[in-house]
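What follows is a short report on a single structure.
Here the structure is a predicted model, which means the values were calculated and not measured.
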Amino acid sequence: MKEDIGGISMKMEGSLVEKNEERVRNVEKVGYMKRVIVKKRKPYHSNKVKKPMSNKALQKLFVSCKETFKGPNTVPSPQNVHKLCHILDNMKPEDVGLSKDLQFFKPESIFRENPRVTYTTIYKCDNFSLCIFFLPSKGVIPLHNHPGMTVFSKLLLGQMHIKSYDWVDPDVSHNLLKQPSQLRLAKLKANKVFTSPCDTSVLYPKTGGNIHEFTAITPCAVLDVIGPPYSKDDGRDCSYYRDHLYTAFPNGEIAELKEENESYGWLEEIEMPENSQMDGIEYLGPPIIETSL
């Protein structure tokens, strides 16, 4: 199924076909920078094919990702993390074909009903993926985890609130509750508003806020570098959570865990929330040129 958005063909993924009008109205809000295409009559004998223009920053990111991500059960070295962060910190929306002037990112673009999140995949392989998530105003990516993954998130456009947690030792959770429970203790790592342009955030398999939630204050675009990608077959499936204040279950003492400026919460694993469903669209920004290292 294809929708013409701002003169550019945008294809929804096959699994979304049956969702029809309500979902399409949301997807139609996301587009790419306007391209002016001038059709010229070519000589009959011409066999030249115009190649799409790549983007230096995006290409540099791709090459660095190939050097950085070595597959499952590996974590990037500090040197590679620093290099990737430096590249992402300097990336602009235009590097992936976006602009603040697009209708989607204008203040008046408010979704009054069902503010669904949209995503597009720039590149994906066994070791890493590059994706952009588009959150309309009030759009939410619910609290979820990234098992065995290292994730770099770069807010390209907009303003959003990010909340993130890391697990505390499960034995500590059990001892504090003093009873069997589906709740597990987690340490709050971030609970603040980010405004673009801002530094890249990094989460690791066990630290840095591996379980996080995005809530858009204004329409946002977030570039995520994920290594390795989600894979249910390889045990990297996404789980969702509901967080509770620590004081909601005051059966234990947490004094021995407290450190300056840190707080804790109880996380309860839940079924996939309805608002976690996303619409997928075709990536139409600058292409990545495959390279071999």
Side-chain angles (χ1 to χ4, degrees), residues 61-88 117 119-133 135 140-155 162-174 181-191 199-214 222-243 262 264-273 276-278 280 288 293:
L61 175 65
F62 169 71
V63 172
S64 184
C65 285
K66 291 193 70 175
E67 296 172 344
T68 298
F69 295 103
K70 305 301 183 182
N73 304 315
T74 63
V75 177
S77 68
Q79 294 82 1
N80 283 331
V81 168
H82 177 76
K83 183 177 179 180
L84 263 181
C85 283
H86 180 72
I87 294 171
L88 286 163
V117 175
Y119 74 94
T120 188
T121 300
I122 302 174
Y123 181 85
K124 184 176 181 180
C125 64
D126 290 341
N127 288 351
F128 69 92
S129 64
L130 306 176
C131 302
I132 306 173
F133 295 90
L135 288 80
V140 176
I141 298 179
L143 200 61
H144 63 285
N145 69 343
H146 305 81
M149 304 177 193
T150 303
V151 182
F152 297 74
S153 294
K154 167 65 175 180
L155 181 60
I162 298 178
K163 180 188 286 187
S164 65
Y165 291 92
D166 282 329
W167 292 122
V168 170
D169 190 307
D171 289 337
V172 175
S173 295
H174 177 73
S181 174
Q182 297 300 314
L183 300 172
R184 185 173 170 185
L185 189 65
K187 182 185 295 184
L188 185 67
K189 302 299 292 186
N191 188 21
D199 291 341
T200 303
S201 62
V202 187
L203 63 84
Y204 300 91
K206 295 183 179 180
T207 61
N210 186 277
I211 306 161
H212 69 194
E213 174 185 78
F214 291 166
V222 184
L223 172 60
D224 264 13
V225 178
I226 306 173
Y230 284 105
S231 173
K232 190 172 183 178
D233 292 339
D234 296 318
R236 296 191 303 276
D237 196 11
C238 186
S239 298
Y240 294 90
Y241 301 89
R242 179 183 299 114
D243 59 340
E262 290 185 332
Y264 296 81
W266 297 104
L267 300 191
E268 173 190 6
E269 186 170 349
I270 60 174
E271 295 295 325
M272 181 178 180
S276 67
Q277 297 177 1
M278 302 181 188
I288 282 176
L293 296 173

Check whether any side-chain heavy atom of Ile132 lies under 4.5 Å from a side-chain heavy atom of Ile122, and answer yes or no. yes
Within the distance-only criterion (no hydrogens, no angle test), does the side chain of Asn210 pair as donor or acceptor with the backbone N or O of Tyr204 below 3.5 angstrom? yes
Exam field: side chain Asp243 to backbone Leu267, donor-acceptor pair closer than 3.5 Å: no
Backbone N/O of Ile162 and side chain of His212: donor-acceptor pair under 3.5 Å: no
Go through Cys65 and Val225 one step at a time and tell me if the side chain to side chain contact (heavy atoms under 4.5 Å, CB included) criterion holds. CA-CA 8 Å; Cys65 285; Val225 178; 3.6 Å; yes
Minimum heavy-atom distance between Tyr119 and Met278, given as atom pair plus value: CD2-CB, 3.7 Å
Out of the candidates Leu61, Leu203, Leu88, Leu223, only one should pair with Phe152 under the side chain to side chain contact (heavy atoms under 4.5 Å, CB included) rule; please name it. Leu88
Evaluate the criterion side chain to side chain contact (heavy atoms under 4.5 Å, CB included) for residue pair Phe214 and Lys163; output intermediate values, then yes/no. CA-CA 7 Å; Phe214 291 166; Lys163 180 188 286 187; over 6 Å; no
For Ile87 versus Ser64, what's the shortest heavy-atom pair and its separation? CD1-CB, 3.6 Å
Would you say the side-chain atoms of His144 pair up with the backbone N or O of Pro142, donor to acceptor, closer than 3.5 Å? yes
For Pro228 and Gly148, which heavy atoms make the closest approach, and how far apart are they? CD-O, 3.5 Å
Under a 4.0 Å N-O cut-off, is there an ion pair linking Arg242 with Glu268? yes
Which of Pro229, Cys125, Ser129, Pro76 passes side chain to side chain contact (heavy atoms under 4.5 Å, CB included) with Phe69? Answer is Pro76
Parallel under 30°, tilted from 30 to 60°, perpendicular over 60°: which one fits the rings of Phe62 and Phe128? tilted
Gap separating the CG atom of Asp224 from the CE atom of Met149, nearest 0.5 angstrom: 11.0 Å
Go through the steps to decide whether Tyr240 and Leu143 satisfy the test side chain to side chain contact (heavy atoms under 4.5 Å, CB included), and finish with yes or no. CA-CA 6 Å; Tyr240 294 90; Leu143 200 61; over 6 Å; no
May I ask you to check whether Tyr264 and Tyr165 place their ring centers less than 6.0 Å from one another? no
Value for CG (Asn145) from CD1 (Ile211), rounded to nearest 0.5 Å, stands at 6.0 Å
Output for pair (Asn191 CG, Glu213 CD), nearest 0.5 Å, gives 9.5 Å
To the closest 0.5 Å, what do you measure between NE2 (His86) and NE2 (His82)? 7.0 Å
With heavy-atom distances below 4.5 Å as the criterion, would you say the side chains of Cys85 and Val81 are in contact? yes
Just by distance, do the side chain of Thr74 and the backbone of Gly71 share a donor-acceptor pair under 3.5 Å? yes
Look at the rings of Trp167 and Tyr241 and say which category their plane angle falls in: under 30° parallel, 30 to 60° tilted, over 60° perpendicular. perpendicular
I'd like to know if the side chain of Ser276 reaches the main chain of Met272, judged simply by a donor and an acceptor atom lying under 3.5 Å from each other, with no hydrogens or angles considered. no
I need the single residue from Ile288, Thr121, Thr120, Ile226 that forms a side chain to side chain contact (heavy atoms under 4.5 Å, CB included) with Leu130. Which is it? Ile288
Under the side chain to side chain contact (heavy atoms under 4.5 Å, CB included) rule, what do Thr150 and Val202 come out as? Steps first, then yes or no, please. CA-CA 7 Å; Thr150 303; Val202 187; 4.2 Å; yes
Closest non-hydrogen atom pair, Lys70 against Lys66: NZ-O, 4.3 Å
Shortest non-hydrogen contact from Ser153 toward Val222: CB-CG1, 4.3 Å
Are more than 12 heavy atoms, taken from residues, nucleotides or ligands other than Asp126, located less than 6.0 Å from that residue's CG atom? no
Asp237 (side chain) donor-acceptor with Ser231 (main chain) under 3.5 angstrom: no
Regarding Asp166 and Thr207, do their side chains bring together a donor and an acceptor under 3.5 Å, going by distance alone? no
Are the charged groups of Arg184 and Glu269 less than 4.0 angstrom apart, N to O? no
